[in-house]
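Right, one structure below, let's go through it.
Since this is a predicted model, take the numbers as computed values, not measurements. Note on naming: letters A, B, ... go to the chains in the order of the sequence lines (proteins, then strands), and numbering restarts at 1 for each one. Just so it is clear, the values below take in all heavy atoms, side chains as well, and ignore hydrogens, waters and symmetry mates.
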Protein chains: 2
Amino acid sequence: MGQKLESRERIVRSSARLFLSRSYNAVSVDELCTAAGVRKGSFYHFFPSKSELAKAVIDLHTTALLDRLEQASGQSPAERLHGLADAVGTIQTGFENRFGRIVGCPFGNLASELATADEELREHLATAFTRWEAEFAALCRQAASAGVLRDGVDPERLARALLAQAQGQILLAKVSVTSASEISRALHELVDAHLREGY
Amino acid sequence: MGQKLESRERIVRSSARLFLSRSYNAVSVDELCTAAGVRKGSFYHFFPSKSELAKAVIDLHTTALLDRLEQASGQSPAERLHGLADAVGTIQTGFENRFGRIVGCPFGNLASELATADEELREHLATAFTRWEAEFAALCRQAASAGVLRDGVDPERLARALLAQAQGQILLAKVSVTSASEISRALHELVDAHLREGY
DNA sequence: ATCCGTCTTGACCGACCAGTCAACTAGGCA
DNA sequence: TGCCTAGTTGACTGGTCGGTCAAGACGGAT
């Protein structure tokens with residue numbers, strides 16, 4: 001038994017925080033242990049390696065993201081699409097408040113750093129992105145069958161474009177230190193650009 | 001005097017390669033030196049620190065990118081906008097051929113990993129992105145004054161959206177190991193989505 | 001011939017890295 | 001009571017990290 005929270009969960013949560021505030025390679029296992037209030041032996045009781053912890057951190061973010069996207073609902077398909085933009089913005093605003101600045105996307109950060117260096121982690125991230133994209137695609141398909149998308153817009157490709165736009169805008173906001181509201185604004189514009197006039 | 005190439009330039013070039021194939025923190029100064037055929041003392045003769053080398057690597061990529069964007073020309077503003085998509089695709093195809101896979105964007109990779117960890121590097125990357133964005137914005141403004149953009153499309157915001165889309169698509173391609181042609185295809189679609197019908 | 005600035009060499013540093021281990025503690029259960 | 005298992009502890013390892021340094025090599029100018 002841990003103190004308030006189980007040790008394992010404390011490790012994952014505080015690691016998520018540290019990975020976001022700096023990066024995977026920039027944070028040592030020692031520092032992760034200190035932040036979690038745990039000795040190194042305990043850490044390696046729960047996780048066979050640092051990269052295995054990273055997978056757990058990814059899973060934590062995945063469930064959090066999927067929850068957030070579920071909550072974000074609107075009436076019409078067009079509103080639901082705009083709801084996506086708001087959801088991403090809300091998440092990023094949350095990070096902004098917790099860290100005092102834009103720290104990037106948990107998935108995007110790890111993907112940039114590790115996709116070419118750790119094949120297992122790359123695969124893990126790929127499935128996380130796939131689930132994310134699937135959520136987007138479901139809403140895009142709804143919009144398509146409701147006929148609110150412009151002619152010739154493929155819902156699957158729009159979903160990927162939205163995901164890419166989110167990743168790119170988050171990255172640009174991180175490097176140029178702008179606010180999270182810019183991110184959702186850009187996403188709203190991208191949604192509008194693909195909706196039929198009047199929606 | 002170095003062998004064929006000056007030592008400094010060999011260090012920068014081979015470091016650019018190694019940073020792309022893995023990541024900044026995943027490559028040690030020792031490895032950078034070995035790859036460049038240089039002893040550590042020489043390395044620190046040219047660069048006061050590893051992060052200072054990173055700045056030189058960024059500068060190398062910046063001049064290469066700006067050259068590539070300059071070459072990419074078309075007749076009409078619409079063609080020039082599509083030329084951007086091709087230029088990004090060409091660069092990524094080049095990396096794909098050299099490395100055997102998508103390795104990401106040199107700027108994006110470093111930005112994700114270091115923007116929150118090294119303030120000087122973050123600033124350096126920010127100005128690199130600004131110059132990149134300025135190139136895009138110039139073409140978008142041309143398109144706007146030629147009247148080929150859809151009503152209500154702000155050229156400056158379109159430039160940023162294109163840049164973000166490029167970054168996001170490159171990241172997604174890297175993590176899901178798709179080909180570079182997907183990246184330019186997505187950019188072409190985004191351009192089309194903002195051009196008036198018939199252009 | 002000598003001097004000087006640029007570049008190179010190789011040995012060296014302390015700090016830190018991810019990961020290991022045997023011994024210990026504490027609860028659940030028979 | 002005694003045992004089993006999950007979790008904890010702290011000391012330890014060997015290798016690597018970014019970075020330093022004194023001594024030298026080399027070519028161009030004087």
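No donor-acceptor contact under 3.5 Å links the side chain of K50(A) to the base of dG19(C). One can find a donor-acceptor pair under 3.5 Å joining the base of dG18(D) and the side-chain atoms of K40(B).
Between S49(A) and dG19(C) there is no side-chain N or O to OP1 or OP2 distance below 4.0 Å. Distances shorter than 4.0 Å separate none of the side-chain N or O atoms of Y44(B) from OP1 or OP2 on dT20(D). Contact annotation: H45(A) reaches the phosphate of dG7(D) (side-chain N/O to OP1 or OP2, under 4.0 Å). Contact annotation: R39(A) side-chain N/O to dT8(D) OP1/OP2 distance is not under 4.0 Å.
Rounded to whole angstrom, the span from the CZ atom of R10(A) across to the P atom of dG7(D) amounts to 12 Å. Taking atom OH of residue Y24(B) and atom P of nucleotide dC17(D), one finds them 13 Å apart after rounding to whole Å. As a whole-Å value, the separation of E52(A) CD from dG19(C) P is 11 Å. The nearest whole Å value for the distance from the CD atom in E31(B) to the C1' atom in dG15(D) is 15 Å. Rounded to whole Å, the distance from CD on E9(B) to C1' on dC7(C) is 16 Å. Straight-line distance from the CZ atom of R8(A) to the P atom of dT8(D): 13 Å, rounded to whole Å. As a whole-Å value, the separation of F46(A) CZ from dT9(D) C1' is 13 Å.
Taking the six-membered ring where tryptophan is involved, the planes of F107(B) and H61(B) are perpendicular, since the angle between them exceeds 60° and thus also 30°. Taking the six-membered ring where tryptophan is involved, the planes of W132(A) and F129(A) are essentially parallel, since the angle between them stays under 30° and well short of 60°.
Within 4.0 Å (heavy atoms only), F43(B) reaches no atom of the nucleic acid at all. Across all strands, S28(B) comes closer than 4.0 Å only to sugar-phosphate atoms, never to a base (heavy-atom distances).
Side-chain N/O atoms of S42(A) and R39(A) include no donor and acceptor closer than 3.5 Å. S7(A) and R10(A) form a side-chain donor-acceptor contact under 3.5 Å, judged by distance and modelled atom types alone.
If you find the closest nucleotide of DNA chain C to S42(A) and to N25(A), the one lying nearer the 5' end belongs to N25(A).
Within 6.0 Å of atom CD in E120(B), 12 or fewer heavy atoms from other residues, nucleotides or ligands are found, so the atom counts as exposed in its surroundings.
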